[in-house]
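The structure appears right after this line, and notes come after that.
All heavy atoms count here, side chains included; hydrogens, waters and symmetry mates do not.
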Amino acid sequence: MADYKGTILSGMRPTGTLHLGNYMGALENWVRLQDSYRCFFSVVDWHALTTDYQDPSLIKKNSEQMVVDWLAAGLDPDKAVIFRQSRVKQHAELHLLLSMLVPLGWLERVPTYKEQLKNLEERQIANYGFFGYPVLQTADIIVYKADTVPVGEDQASHLELAREIVRRFNHLYGPLFPEPNTLLNAVKVLPGVDGRKMSKSYNNYIALTASPQEVREKVSAMITDPARVRKNDPGHPEVCSVFAMHKVFSEDQVPEIESSCRAGTIGCVACKKNLATSMVGVMEPIHARKVELEANPGRVEEILRAGEEKARIVAEQTLVEVRAAMGLE
């Protein structure tokens with residue numbers, strides 16, 4: 001067995017094609033972690049149903065598109081277990097068993113619950129599944145006895161409830177599960193082409209698997225310093241979306257880019273062209289892998305089925321122990 005630092009579970013809701021913000025916020029980190037941790041990466045399609053149950057028609061297609069992007073970005077099925085949550089029924093069984101011991105008050109105080117009810121008012125999500133999603137989320141993690149969950153700093157508090165559930169289970173039935181710890185991502189927040197946070201809802205994103213031509217077109221449309229009218233006007237890079245992207249894709253050139261902008265010795269058009277070149281250098285191999293995967297559509301399903309079989313074996317062993325601890329076997 002490989003000398004792993006620990007076991008990781010992480011997942012994403014199936015939203016279809018990913019954008020660069022998704023990549024820099026989580027996926028880039030997953031690709032690194034698969035070399036040093038025992039990793040389980042899940043398409044959490046049951047979680048998608050908590051808010052999209054009224055129209056689930058896109059979940060299957062979005063799941064497939066998202067996994068293509070995962071693989072194109074560098075997730076390796078020989079290093080990590082890649083699977084769909086709904087195909088590993090042990091998640092649901094453990095969710096049910098955990099729901100017996102979780103007080104309602106714990107769920108009512110989850111900060112995102114009321115916030116999401118307000119933000120997604122039109123979707124009518126005041127339902128049992130959405131209310132109990134943190135219990136399913138805990139089951140997702142501990143069914144593999146994961147001790148590590150990579151999250152952004154703004155999500156770290158979400159894991160505290162999972163730890164409370166684990167502590168209560170272990171107190172009642174014996175020390176079966178490790179308490180999952182956070183592994184903070186170094187999240188790089190990317191602006192969209194309009195200067196706002198990159199988001200599909202704003203339609204201001206650059207797709208992770210965009211072709212070189214698409215990248216250049218998107219970059220050419222980016223908002224720059226609004227106070228800069230002429231090419232040789234002094235710039236203010238701190239307010240420029242293009243400069244923010246340079247800090248991610250052209251790190252070694254940032255001091256030179258900043259000084260040239262402030263001095264007015266480089267125009268915005270040239271600065272955008274330089275950014276597009278840097279971005280294409282990173283993204284072209286990802287696009288090429290996507291094209292290769294789409295030319296062999298059965299490959300993604302093959303990878304998912306193999307991952308689901310591996311996940312089921314591990315999850316069922318955990319459930320054998322849980323059933324015995326709870327007096328069911």
Side-chain angles (χ1 to χ4, degrees), residues 1 4 6-15 26-27 30 33-34 37-53 56 58-71 75-100 102 128-130 132-151 158-159 162 165-166 169 176-178 180 298-326 328-329:
M1 179 186 283
Y4 293 119
T7 300
I8 277 177
L9 180 284
S10 198
M12 289 186 193
R13 290 186 179 219
T15 57
L27 188 52
W30 288 10
L33 292 171
Q34 68 182 345
Y37 286 83
R38 184 189 189 205
C39 289
F40 295 83
F41 294 127
S42 177
V43 178
V44 289
D45 45 1
W46 276 335
H47 283 293
L49 279 175
T50 63
T51 54
D52 296 338
Y53 68 92
L58 293 177
I59 290 177
K60 184 176 185 295
K61 179 183 177 183
N62 285 345
S63 297
E64 292 166 353
Q65 288 179 336
M66 188 171 74
V67 173
V68 166
D69 285 2
W70 286 4
L71 297 169
L75 283 193
D76 185 344
D78 292 329
K79 296 179 180 178
V81 179
I82 302 169
F83 66 101
R84 289 163 291 205
Q85 176 194 37
S86 64
R87 304 299 177 94
V88 184
K89 307 305 182 187
Q90 289 83 357
H91 286 240
E93 183 179 353
L94 184 55
H95 171 218
L96 173 65
L97 294 174
L98 292 179
S99 73
M100 306 300 178
V102 177
Y128 169 77
F130 184 71
Y133 90 85
V135 184
L136 178 56
Q137 188 175 62
T138 301
D140 295 336
I141 297 166
I142 69 175
V143 78
Y144 304 105
K145 297 189 178 179
D147 50 31
T148 307
V149 181
V151 295
H158 297 179
L159 269 187
I165 294 171
V166 166
F169 184 99
L176 182 57
F177 296 112
R299 178 61 180 149
V300 172
E301 182 65 24
E302 180 184 304
I303 288 169
L304 285 168
R305 287 181 182 274
E308 286 148 12
E309 182 58 31
K310 292 176 185 176
R312 277 192 289 268
I313 291 170
V314 177
E316 179 55 26
Q317 180 55 46
T318 299
L319 263 298
V320 168
E321 297 173 35
V322 169
R323 296 181 201 114
M326 297 182 75
L328 299 174
E329 284 192 353

For Lys60, does the NZ atom have more than 12 heavy-atom neighbours from other residues, nucleotides or ligands under 6.0 Å away?
-> no
Could you tell me whether the side chain of Ile8 reaches within less than 4.5 Å of the side chain of Leu33, counting heavy atoms only?
-> yes
Under the side chain to side chain contact (heavy atoms under 4.5 Å, CB included) test, residues paired with Leu96 that sit two or more places apart | Ser99, Met100
Check side chain to side chain contact (heavy atoms under 4.5 Å, CB included) between His95 and all other residues, then give those that pass, not counting sequence neighbours.
-> Val135, Leu136, Ala139
Donor on one side chain, acceptor on other, Ser63 and Asp45, under 3.5 Å | no
Can you sort out the partners of Phe41 under ring pair (Phe, Tyr, Trp, His ring centres under 6.0 Å), two or more places apart, ordered by chain and number?
-> Trp30
Taking only residues two or more places apart in sequence, or in another chain, which ones meet Phe169 in a ring pair (Phe, Tyr, Trp, His ring centres under 6.0 Å)?
-> Tyr173, Phe177
Residues which pass side chain to side chain contact (heavy atoms under 4.5 Å, CB included) with Lys310, listed by chain and number, not counting sequence neighbours | Val81
With sequence neighbours excluded, tell me which residues meet side chain to side chain donor-acceptor pair (under 3.5 Å) with Thr50.
-> Arg13
CZ of Arg299 to CG of Leu304, rounded to nearest 0.5 Å, is 10.5 Å
Check whether any side-chain heavy atom of Met12 sits under 4.5 Å from a side-chain heavy atom of Val43, and report yes or no.
-> no
Partners meeting ring pair (Phe, Tyr, Trp, His ring centres under 6.0 Å) with Tyr144 (sequence neighbours left out) = Phe40, Phe83, His91
Interatomic distance, Glu308 atom CD to Ser86 atom OG [nearest 0.5 angstrom] | 7.5 Å
Taking all atoms of both residues into account, what is the closest heavy-atom pair of Met66 and Thr15, and its distance?
-> SD-N, 4.1 Å
Sequence-distant partners of Lys61, salt bridge (charged side-chain N to carboxylate O under 4.0 Å, His left out), two or more places apart | none
All heavy atoms of Thr318 vs all of Ile142, minimum pair found to be CG2-O, 4.0 Å
Arg323: what forms a salt bridge (charged side-chain N to carboxylate O under 4.0 Å, His left out) with it, not counting sequence neighbours?
-> Glu93, Glu316, Glu329
Partners of Glu301 by salt bridge (charged side-chain N to carboxylate O under 4.0 Å, His left out), sequence neighbours excluded?
-> Arg84, Arg305
For Val149, which residues count as a side chain to side chain contact (heavy atoms under 4.5 Å, CB included) partner, sequence neighbours excluded?
-> Ile141, Val151, Leu159, Pro180
Which residues satisfy the salt bridge (charged side-chain N to carboxylate O under 4.0 Å, His left out) test with Arg312, sequence neighbours excluded?
-> Glu309
Within-4.5 Å side-chain heavy-atom neighbours: Lys145 and Pro178 = yes
Flag the pair Gln85 / Asp140 as yes when at least one side-chain heavy-atom distance between them is below 4.5 Å, and no otherwise.
-> yes
Are side-chain heavy atoms of Val322 and Met326 found at a separation under 4.5 Å?
-> yes
Do the side chains of Tyr37 and Thr7 get nearer than 4.5 Å, heavy atoms only?
-> no
Do the side chains of Leu49 and Pro56 get nearer than 4.5 Å, heavy atoms only?
-> yes
From Gln137 CD over to Leu98 CG, what is the distance, rounded to the nearest 0.5 angstrom?
-> 12.5 Å
For residues Val143 and Val88, determine if any side-chain heavy atom of one lies less than 4.5 Å from a side-chain heavy atom of the other.
-> no
Atom CG of Leu94 and atom CG of Leu319: how far apart are they, to the nearest 0.5 Å?
-> 5.5 Å
